[in-house]
Amino acid sequence: MESQQPPQHPPQIKRHSGPGIASFIISLVSMLAYIISVGAMGAIFSSSLDGEGLSWSDSSTTGVTIITIILIGLFAANIIGIVLGIIGTVLRNRKKIFAILGLALNTVIILSFGLMFVILMLRAGRG
């Protein structure tokens, strides 16, 4: 007598997780924006230099303020990217590569930003 096997279903194709893709895109866009912001900050500082040191104008103060606000927004976007990366890694039946990459990149960016802030504060204390 023949043994009956249950019908086999074709293997499900796993799709990439939406939150993981969003986390990865946030990390890439924020990395590019950080590079542009730091370059703009350097341009503002270099234009404010004269032979005797730094001379601030209203436009350079406004530029530094705007870039600082942008950096704070990027920091918040990286926090959101970390949350989305965590959500993407815990979703079942989804590919996790973008979630892991986004989580790792956003975490490295946040840690680098924090380390840069600590170093700047320590150097400012030396005066």
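Basis for what follows: all heavy atoms, side chains included, without hydrogens, waters or symmetry-related copies.
Distance check: M41 CE to Y34 OH gives 12.0 Å after rounding to the nearest 0.5 Å.
As a member of the Ile/Leu/Val/Met/Phe/Trp/Tyr network built from side-chain separations under 4.5 Å, M121 groups with F117. Side-chain contacts under 4.5 Å among hydrophobic residues (ILVMFWY), followed directly or transitively, place L32 together with I36. Hydrophobic cluster of I26: the remaining members, joined at side-chain heavy-atom separations below 4.5 Å, are I80, L84, listed by chain and number.
Around CD1 of I13, the count of heavy atoms belonging to other residues, nucleotides or ligands within 6.0 Å does not exceed 12.
Annotation: side-chain contact (heavy atoms from CB on, under 4.5 Å) contacts of I119 (sequence neighbours excluded): L115, R123. Judged as a side-chain contact (heavy atoms from CB on, under 4.5 Å), and not counting sequence neighbours, the contacts of T62 are I66. With sequence neighbours excluded, the residues forming a side-chain contact (heavy atoms from CB on, under 4.5 Å) with S112 are V108, listed by chain and number. Residues satisfying the side-chain hydrogen bond (donor to acceptor under 3.5 Å, both in side chains) criterion with S27, sequence neighbours excluded, are absent altogether.
When hydrophobic clusters are built by joining Ile, Leu, Val, Met, Phe, Trp and Tyr residues whose side-chain heavy atoms come closer than 4.5 Å, directly or via intermediates, V38 is not grouped with I44. Linking ILVMFWY residues whenever their side-chain heavy atoms come closer than 4.5 Å, directly or via other members, places I110 and F113 in the same cluster. Following chains of ILVMFWY side-chain contacts shorter than 4.5 Å, one cannot reach L101 starting from V83, and the two form parts of different hydrophobic clusters.
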Check: residues 85-98 side-chain donor-acceptor pairs under 3.5 Å, at least two apart:
residue, atom, partner, partner atom, Å
T89, OG1, G85, O, 3.3
T89, OG1, I86, O, 2.8
K96, NZ, L91, O, 2.4

Side chains of residues 16-24: which donor-acceptor pairs under 3.5 Å do they make with residues two or more places apart or in other chains?
residue, atom, partner, partner atom, Å
S17, OG, G20, N, 3.3
S23, OG, G81, O, 2.7
S23, OG, N106, ND2, 3.3

Anything under 3.5 Å between a donor and an acceptor, one on a side chain of residues 67-76, the other on a protein residue two or more places apart or in another chain? List them.
residue, atom, partner, partner atom, Å
T68, OG1, V64, O, 2.7

